[in-house]
Amino acid sequence: MARSVTPRRKMINTTAAWAVGLLIFFPILWTILTSFKTEAQAIAAPPIFLGFDWTLENYSVVMERSDYGRFLWNSIIIAGGSTILGCIIAVPAAWSMAFVPSRRTKDILLWMLSTKMLPAVGVLYPIYLLFIEMGLLDSRAGLVVVLMLINLPIIVWMLYTYFKEIPVEILEAARMDGATLKEELLYVLTPMAIPGIASTLLLNFILAWNEAFWTLNLTAVNAAPLTAFIASYSSPEGLFFAKLSAASTMAIAPILILGWFSQKQLVRGLTFGAVK
Amino acid sequence: MATKASRSAARLMMAPAVILLLGWMLVPLIMTLWFSFRVYLPLRGGDQGWAGFDNYIRFVTSSAFWPSVQTTLIIVLGVLAITVIFGILLALLLDQPMWGQGVVRILVIAPFFVMPTVSALVWKNMFMDPVNGLFAHLWRFFGAEPVSWLSDASLPAIVMIVSWQWLPFATLILLTAVQSLDSEQLEAAEMDGAPIVKRFWFIVLPHLSRAITIVILIQTIFLLAIFAEIFVTTGGAFGTRTLSYLIFQRVLESQNVGLGSAGGVYAIILANIVAIFLMRIVGKNLD
């Protein structure tokens, strides 16, 4: 409901919105700034905002001391693997529900959504036990499967809403022009579906990257991703503000950047198409 | 265009997703139900037989149960109140014409992308630390005694951390809803001399009601399950033990699986009550 307003009013809006925006963003900004300070400057009183000696020392210390690369690699494998695996399973399902709907399609979609509502803590021990039995505890493969399963309903839903928007008429037109099923899939449907699939991959990568219940409870040393790496800073290392900040910045930076590209998909993906 | 052949092909394409989710739902659920009726102490003798409803009774009669329900309610209701009220105000503000709207949007949304362990630790140490935290500096600047947030005001502190994480979500969804509001109706009301409060109350709020309901339902489901924020800040101490954290402690820390599973069944029932309402709204939208 954008309306034209006086420049004065626009000025006030701008000031107010920027003030609130910066306030909300401040903890992140402060973390990034602190990561470039020395430990002494990080706890200086009064706090130093910008006038400190910028240093990259914390980053090198964190990387050396804590084997950061391994945690990062685990995060990439777990988030990426679960997202890709989820898409491989979800694309055909969403595809068939969008293009060959049956009477039960709606029920199946809603039922899938309901599995997402199952509180993780309610099934913690069974999963823990199954993981021990199958030798999956503290393994990346196990986490890939679990994160794929918890995000599968969202992936199916998002893909379904995207596929639904592809007009069926285009398919019929292609068929009239003599396209075979293979050509239809390859040259007509795929190009139209790719943007939707890409946004789905993006949002689910972010969700899997930040997942912090199963990653904390099902990993120890080998498969621990960045969520667990940061949790290990809980104490007493957490009191070294500059190093904590450097570790935090490295854990969130890639996702912040990806996240900014996925704002629109966020609404669609997390409200299951109920808010447009 | 759906022929018989394409229908069976469709069923085949759906099968992997359906079977996997069915297994993911049923297997652990049945196991939890089974354990909840057993005396099951993995470190102290394993499965020691049938317990009837003992676990269910013990879980709700233990001294930790009611405080944990209270904590859960305070956190969920506190965060909901803050995120919905500020979310509406922020959505209305961000909808106004201004310079740099896109950048402000990005700033506001950013906390949602911060992993829970990071936001919990950053708030705990860099802001709420009673000696070196930024709040302590601020308090001392105004001549006040710094507060030990996570021990003396643990619940408000956790509500604040979690609200910061979820405010972007509420704002974003409410903003999407605000943007679909018909501006002509508002302008007509403005011309007729309706004051801003009335315009908000009778036009904007009814228009947002559906989005608000969805925000409340989705957030409730996630908020009932918050874990990392408590795990890394207080570890459940200082009155911050929620129902899910209590179950986690029963199952993994004290390894009383029977008791914890009974708690898990309660949690599942609770989540389902909320879920039913959410599914109704989503289901209506599918038609």
Side-chain angles (χ1 to χ4, degrees), chain A residues 1-3 5 10 13-14 16-18 21 24-25 27-28 31 43 45-47 89-90 92-93 95-96 100 106 110 112 114-115 117 119-127 149 152 156 210 212-213 227 230-231 233-234 238 241 244 248 251-252 255-256 259-260 263 266-267 271-272 274-275, chain B residues 2 6-7 10 13-14 16-17 21 24-25 28 31-32 93-94 96-99 104 106-110 113-118 121-122 125-126 132 134 137 172-173 176-177 181 183 186 211 214 221 225 227-228 232 244 247-248 251 257 261 264 267-268 271 275 279 281-283 285-286:
Chain A
M1 55 171 189
R3 285 163 295 163
V5 291
K10 197 168 175 180
N13 289 341
T14 308
W18 274 87
I24 290 174
F25 189 71
I28 299 173
T31 307
I43 55 167
I89 295 165
W95 193 269
S96 65
V100 197
K106 188 183 149 185
L110 283 177
M112 282 187 171
S114 76
T115 65
M117 319 277 171
V121 75
V123 294
L124 173 60
Y125 197 77
I127 299 298
L149 286 167
L152 192 58
V156 172
N210 287 342
F213 181 78
T227 44
I230 297 295
Y233 270 72
S234 178
F241 287 4
L244 169 68
S248 300
I252 63 174
I255 281 319
L256 274 182
W260 288 335
Q263 295 177 43
L266 195 70
V267 176
T271 64
F272 311 101
V275 173
Chain B
S6 72
R7 270 195 198 288
M13 284 160 85
M14 241 184 316
L21 279 176
W24 168 246
M25 185 182 79
M31 285 171 79
T32 296
L93 177 63
L94 288 180
Q96 302 296 317
M98 70 176 78
W99 289 289
V104 176
I106 286 171
L107 293 179
V108 170
I109 292 163
F113 298 115
V114 176
M115 60 174 66
T117 45
V118 168
L121 262 192
V122 163
N125 290 325
M126 292 169 54
N132 291 319
L134 219 47
H137 289 306
L172 200 58
I173 286 171
T176 313
L181 182 60
S183 66
L186 264 186
I214 287 163
I221 286 165
F227 175 77
V232 295
S244 3
I247 298 167
F248 158 77
V251 170
V257 176
S261 298
I268 291 167
M279 310 284 267
I281 297 186
V282 175
N285 214 52
L286 265 181

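We name chains A, B, ... by the order of the sequence lines, and we start the count at 1 in each one.
Considering all non-hydrogen atoms of both residues, A/A17 and B/L93 come closest at CA-CD2, 3.7 Å. Between A/L149 and B/W24, the shortest heavy-atom contact is CD1-CE3, 3.6 Å. The two atoms that bring A/I252 and B/M115 nearest to each other are CG2-N, 4.0 Å, heavy atoms only. For A/L244 against B/N125, the heavy-atom pair with the smallest separation is CD2-ND2, 3.7 Å. Of all heavy-atom pairs spanning B/P97 and A/N13, the tightest one is O-ND2, 3.1 Å. The two residues B/F227 and A/A212 have their closest heavy-atom pair at CD2-O, 3.8 Å.
The part of A/L124 that comes within reach of chain B is its side chain, from C-beta onward, which places non-hydrogen atoms under 4.5 angstrom from that chain. For chain A, the nearby parts of B/A267 are the backbone and the side chain; heavy atoms of each come within less than 4.5 Å. Looking at A/A120, there are no atoms closer than 4.5 Å to chain B (heavy atoms on both sides), in backbone or side chain. Within the 4.5 angstrom heavy-atom criterion, atoms from both the backbone and the side chain of A/A251 approach chain B. Heavy atoms of B/F248 lying under 4.5 Å from chain A belong to its backbone as well as its side chain. Using a 4.5 Å cut-off between heavy atoms, B/V118 touches chain A through backbone and side chain atoms alike. Only the side chain of B/I109 comes within contact range of chain A, with heavy atoms under 4.5 Å apart.
When B/V122, B/L134, B/V108 are compared by the number of non-hydrogen pairs under 4.5 Å with chain A, B/L134 comes out ahead. Among B/A225, B/A10, B/S261, the residue making the largest number of heavy-atom pairs under 4.5 Å with chain A is B/A10. In terms of heavy-atom pairs under 4.5 angstrom with chain B, the leader among A/P27, A/G21, A/A16 is A/P27. In terms of heavy-atom pairs under 4.5 Å with chain A, the best-connected choice from B/I106, B/V251, B/L94 is B/I106. The most heavy-atom pairs under 4.5 Å with chain A, out of B/I247, B/V104, B/L21, come from B/L21.
Taken to the nearest 0.5 Å, the CE atom of A/M117 stands 4.0 Å off from the CD1 atom of B/I221.
No side-chain donor-acceptor contact under 3.5 Å links B/W99 to the backbone of A/K10.
With sequence neighbours left out, the side chain to side chain donor-acceptor pair (under 3.5 Å) criterion links A/T227 to A/T215.
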